[in-house]
S.K.: 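Below is one structure. I have some questions about it.
Just the heavy atoms: all of them, side chains too, but no hydrogens, waters or symmetry mates, feed the values below. As the structure is a computational prediction, the values presented were derived from the model and not from experiment. For ligands, and for the atoms within them, numbers begin at 1 and follow the listed sequence.
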Amino acid sequence: MSRVYNFSAGPAVLPEEVLKEAAAEMLDYKGTGMSVMEMSHRSKAFEEIITTAEQDIRDLMGIPDNYKVLFLQGGASQQFAMIPMNLMKNRVADYIITGQWAKKAAKEAEKYGKVNRIASSEDKTFSYIPDCSDLPVSEDADYVYICENNTIYGTKFKELPNTKGKTLVADVSSCFLSEPVDVTKYGVIYGGVQKNIGPAGVVIVIIREDLITEDVLPGTPTMLTYKTHADAKSLYNTPPAYGIYICGKVFKWIKAQGGLAAMKERNEKKAKVLYDFLDQSKLFKGTVVPKDRSLMNVPFVTGNADLDAKFVKEAKEAGLENLKGHRTVGGMRASIYNAMPYEGVVALVDFMKKFEEENL
Ligand SMILES: *Cc1c(COP(=O)(O)O)cnc(C)c1O
């Protein structure tokens, strides 16, 4: 068996310890004689898996008691509709447009009400985060929406926007559990887990209790109502049980590494190696304004599409996989999520140095 360094943006690398544990428990989960995949979601064993997972993410993020943690399906994209359906009481919301995911979310919300795009970085191909300290937040906005880490463009909000008292809703798909977070600053935090936490098929929604009501837009399906899932503790219907089990193992793994403060330190150390190299390279160039750089997704280019393609091909041959940039931006992108070891980033930088010597 040989494993590669996988720089995929998602689904993405998971901790090897977690995969090994899951493999060891595949046929017989803790003496039950069955796999978690084969188990009733109403069984005692699964109840323990989901309650432990919830407690562990609560511990990691310091989630206050007045927030619910929901394990849902439909990916992050389903939240683009679920958020307005549940939160748009006045049918108005403000969106900050920092990339494709925020753009898609705003477009979806437009089906349900008035969407004000109060800031955007589209003028410079989303290579920075706009100043959000004094935005024209709408008087009657039900919430202000951000995509906190922009997976495709490699930018991250280092400071949350001043929402002038309005509820903040954040898509954290690609920075979930990558650093400590003050949950009280948000009304809703959500993300698909396939970037930084687990296998595709689970989306975690952390939502303040007062935002969970029966007063949703007319026609909202039962399955798309937060209250349905909050009341049933994410067991209204069959949840993505195996995915939740793996997420739970990743929460334990993060705890064992020292929690989110330790994750941040690790992630900063990894990102620094790559950004420091990019800043002095004569061939490769980072595409993001330094102050807004993501710790998770690092896009870079040579400025020559043929050379970019050659790099991606030769990197793959050297065991460094999935470095091709997003189809909408080209170039390269290294996603260096929690589970990417430091050694993986060093191997990438060593390879880039060699490639630069050979191709400059
Ligand atoms: C990947 C991604 C999405 C889309 O996630 P799906 O689960 O495929 O719907 C949304 N937002 C961000 C920030 C992402 O990185």
S.K.: With distance as the sole criterion, is a donor-acceptor pair present between the side chains of D276 and Q280 under 3.5 Å?
M.R.: no
S.K.: Please list, one pair per line, the donor and acceptor atoms closer than 3.5 Å that link side chains of residues 229-244 to other protein atoms, with sequence neighbours excluded.
M.R.:
from : atom 1 : to   : atom 2 : distance (Å)
H229 : NE2    : M223 : O      : 2.8
D231 : OD2    : K227 : NZ     : 2.7
S234 : OG     : F71  : N      : 2.9

S.K.: Would you call the rings of Y143 and Y95 parallel, tilted or perpendicular, taking 30° and 60° as the class edges?
M.R.: perpendicular
S.K.: Identify all pairs of nitrogen or oxygen atoms, one from ligand 1 and one from the protein, separated by less than 3.5 Å, and list them with distances.
M.R.:
from     : atom 1 : to   : atom 2 : distance (Å)
ligand 1 : 7 (O)  : A76  : N      : 3.0
ligand 1 : 7 (O)  : Q194 : NE2    : 2.9
ligand 1 : 9 (O)  : A76  : N      : 3.3
ligand 1 : 9 (O)  : S77  : N      : 2.8
ligand 1 : 9 (O)  : S77  : OG     : 2.6
ligand 1 : 11 (N) : D171 : OD2    : 2.6
ligand 1 : 15 (O) : T151 : OG1    : 2.4
ligand 1 : 15 (O) : K195 : NZ     : 2.5

S.K.: What pairs with N116 under side-chain contact (heavy atoms from CB on, under 4.5 Å), at least two apart in sequence or on another chain?
M.R.: V92, D94, K114, I118, S138
S.K.: Applying side-chain contact (heavy atoms from CB on, under 4.5 Å), name anything that partners K124, two or more places apart in sequence or on another chain.
M.R.: S127, Y128
S.K.: Please check this pair: side chain of D142 against backbone of N90, looking for a donor-acceptor N/O pair closer than 3.5 Å.
M.R.: yes
